[in-house]
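Have a look at the structure below, then the notes.
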Amino acid sequence: MWSIMTDYERYKPMRTFLFLLVSLFILSCAPSGPSENSLSGEALGTTYNIKYFSEKDIPIEQGLDSIFRVVNRSMSTYQEDSDISRVNRGDSLVKVDTLFREVFRLSRKVYEESGGLFDPTVGNLVNLYGFGAEKNLRRVDSSRVDSLMAFVGLDRINITPDGEVIKEVPGIYLEFNAIAKGYAVDLIGHYLEQHQVEHYLVELGGELLARGKNLKRDSFWAVGIDDPVQTGEDRSLISAVELNDRAMATSGNYRKTRIDPETGVQYVHTINPLTGYPERSRLLSVTVLAENCALADAYATAFMAMGLERSVALLEELEEVDAYLIYSGEEEIRE
């Protein structure tokens, strides 16, 4: 018996095959959503950890190298040829870059709000107690402290529009270590956002900046706050915080201390710019949440120098700043 196959019936198997082939091609080309990426390393005298979600590969290592290089060149007191080292030596030919000027502007803001208790001109005193680029602890006495206080005061420095640093007293020694690390975190965040990364967590030496969510867990980024009275090498946490498009920085006197080998006196690293001496108070640590990490870093240092009562009073005035204060035997959250 003869049968007649129409063109449609004849090519039906081939059409089915082509349909499946095209469908598979479309599915393979369709975006699968942002993938999780992690990166860690060492920079600026500390370690960093970065997590982000992106749909495309970005030159993250190249970007980080560039950021760390320009920050060091601008603000590292450990580099002899950096802008800040040249300024401290009295080099009148140096013209500081935009990074230096922005950090100086933010420093002046916190300096004024804290009544001078955040002051990057304490560099000479930081070196005296052995916490700066000059590591050796020098002999500390009241006459030496008094002599170095003549070089303290951020209001005694100005920067001209073309980047020249004008110091009222030539011996003023600038040190941005209490804000530069947070500023570097902000630069990393800006770099990621330039590459369309909306969800990330950047950590550099304990300072953090979070944007978006941890898409792997579909939640805001969860981070911990160190217990300031912990002992031993193991890290223990006293609390956890969810960061929703916020920066976080912690300062405390529970890790960085130095002991005078001659007298046995122990010095904490928080220097009070108004007295010239390390500040010991009821505050054990301060964790600050702010809109950017540079400000969070600076406020955390300021609060440690201000002590509990002054810190609480200032927090009542700062609308965009939250803090978790841990002090002798108790803890208190200020929001």
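- Tested against R211 for a side-chain contact (heavy atoms from CB on, under 4.5 Å), the candidates R246, E198, H199, E193 yield a single pass: E193.
- The aromatic rings of F176 and F100 lie perpendicular to each other, with more than 60° between the two planes, well past the 30° mark.
- The neighbour count for H190 NE2, taken as heavy atoms of other residues, nucleotides or ligands under 6.0 Å away, does not exceed 12.
- Nearest heavy-atom pair, A178 versus F118, reported as atom, atom and distance to 0.1 Å: CB-CE1, 3.7 Å.
- Counting heavy-atom neighbours within 6.0 Å of D57 CG, excluding the residue itself, gives a total of 12 or less.
- Of the possible donor and acceptor atoms, none in the side chain of E319 sits under 3.5 Å from a partner among the backbone N and O of E317.
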Step-by-step side-chain contact (heavy atoms from CB on, under 4.5 Å) determination, I67 to Y191: CA-CA 9 Å; I67 290 170; Y191 177 81; 3.9 Å; yes
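- When every heavy atom of S35 is checked against every heavy atom of N37, the shortest pair comes out as O-ND2, 2.9 Å.
- Distance check, rounded to the nearest 0.5 Å: CG of L274 to CD of E279 gives 9.0 Å.
- For the pair D81/S85, no side-chain contact is recorded, criterion being any heavy-atom separation below 4.5 Å from C-beta on.
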Evaluate I326 against L283 for side-chain contact (heavy atoms from CB on, under 4.5 Å), listing each step before the verdict. CA-CA 6 Å; I326 303 176; L283 275 180; over 6 Å; no
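- Using a 4.5 Å heavy-atom threshold, the side chains of I50 and S40 count as separate.
- The closest side-chain heavy-atom distance from T121 to Y173 is not below 4.5 Å.
- Using cut-offs of 30° and 60° on the angle between ring planes, the pair F303 and Y299 is parallel.
- Within a 6.0 Å sphere centred on CD of E61, other residues, nucleotides and ligands contribute 12 heavy atoms or fewer.
- Between L117 and P273 there is a side-chain heavy-atom pair separated by less than 4.5 Å.
- The distance from atom CD1 of I225 to atom OG of S285, rounded to the nearest 0.5 Å, is 7.5 Å.
- Counting only N and O atoms by type, the side chains of S219 and N214 include no donor and acceptor under 3.5 Å apart.
- Heavy-atom contacts from other residues, nucleotides or ligands closer than 6.0 Å to NZ of K51 number 12 or fewer.
- Judged by distance alone, the side chain of S74 and the main-chain N or O of V70 form no donor-acceptor pair under 3.5 Å.
- In terms of heavy-atom proximity, Y200 sits nearest to W221 at O-NE1, 3.3 Å.
- For the salt bridge (charged side-chain N to carboxylate O under 4.0 Å, His left out) test, no residue two or more places apart in sequence or in another chain qualifies with R310.
- Hydrophobic clustering of Ile, Leu, Val, Met, Phe, Trp and Tyr side chains at less than 4.5 Å, counting indirect connections, keeps F220 apart from V241.
- From L125, atom CG reaches atom OG1 of T275 across 8.5 Å, with rounding to the nearest 0.5 Å.
- Applying the 6.0 Å contact sphere to NZ of K95 captures more than 12 heavy atoms from other residues, nucleotides or ligands.
- Residues V223 and M248 are in side-chain contact: their nearest non-hydrogen atoms beyond the backbone lie under 4.5 Å apart.
- Looking at D245, its side chain does come within 3.5 Å of a backbone N or O of G212 through a donor-acceptor pair.
- Annotation: side chain of V202 is not in contact with side chain of Y48 (no heavy-atom distance under 4.5 Å).
- Of all the heavy atoms in I271 and A305, the pair that sits closest is O-CB, 4.3 Å.
- Of the inter-residue distances, the one linking S38 atom OG with Y52 atom OH reads 9.0 Å to the nearest 0.5 angstrom.
- Side-chain atoms of N292 and L209, non-hydrogen and from C-beta on, never get closer than 4.5 Å to each other.
- A distance-only check finds a donor-acceptor pair linking the side chain of R101 to the backbone of P161 [under 3.5 Å].
- Of the possible polar contacts, one joining the N88 side chain to the I84 backbone as a donor-acceptor pair under 3.5 Å is found.
- Using a distance-only test at 3.5 Å, with no hydrogens or angles considered, no donor-acceptor pair links the side chain of Q79 to the main chain of S82.
- Remark: side-chain polar atoms of S114 are paired, donor with acceptor, to backbone N or O of V110 under 3.5 angstrom.
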List the steps, then state whether side-chain contact (heavy atoms from CB on, under 4.5 Å) holds for L154 with L174. CA-CA 9 Å; L154 194 61; L174 274 169; 4.1 Å; yes
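- For the residue pair Y183 / D297, no side-chain donor-acceptor distance below 3.5 Å is found, with atom types taken as modelled.
- A donor-acceptor pair under 3.5 Å links the side-chain atoms of D186 to the main chain of A294, judged by distance alone.
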Walk me through whether L192 and I58 qualify under side-chain contact (heavy atoms from CB on, under 4.5 Å). CA-CA 9 Å; L192 291 170; I58 65 174; 3.8 Å; yes
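- Between E309 and R282 there is a salt bridge, since at least one side-chain N of the basic residue sits less than 4.0 Å from a carboxylate O of the acidic one.
- Expressed to the nearest 0.5 Å, how far CG of L289 lies from CG of L243 amounts to 6.5 Å.
- Residues I166 and I159 are not in side-chain contact: their nearest non-hydrogen atoms beyond the backbone lie 4.5 Å or more apart.
- S311 and M306 make their closest contact through OG-CB, 3.8 Å (heavy atoms, listed as atom of the first residue, atom of the second, distance).
- Here the OG1 atom belonging to T301 is positioned 9.0 Å from the CE atom belonging to M304, to the nearest 0.5 angstrom.
- Closest heavy-atom contact between I157 and K167: CG1-CG, 4.0 Å.
- In this structure, F53 is a member of the same hydrophobic cluster as L208, with clusters built from ILVMFWY side-chain heavy atoms closer than 4.5 Å.
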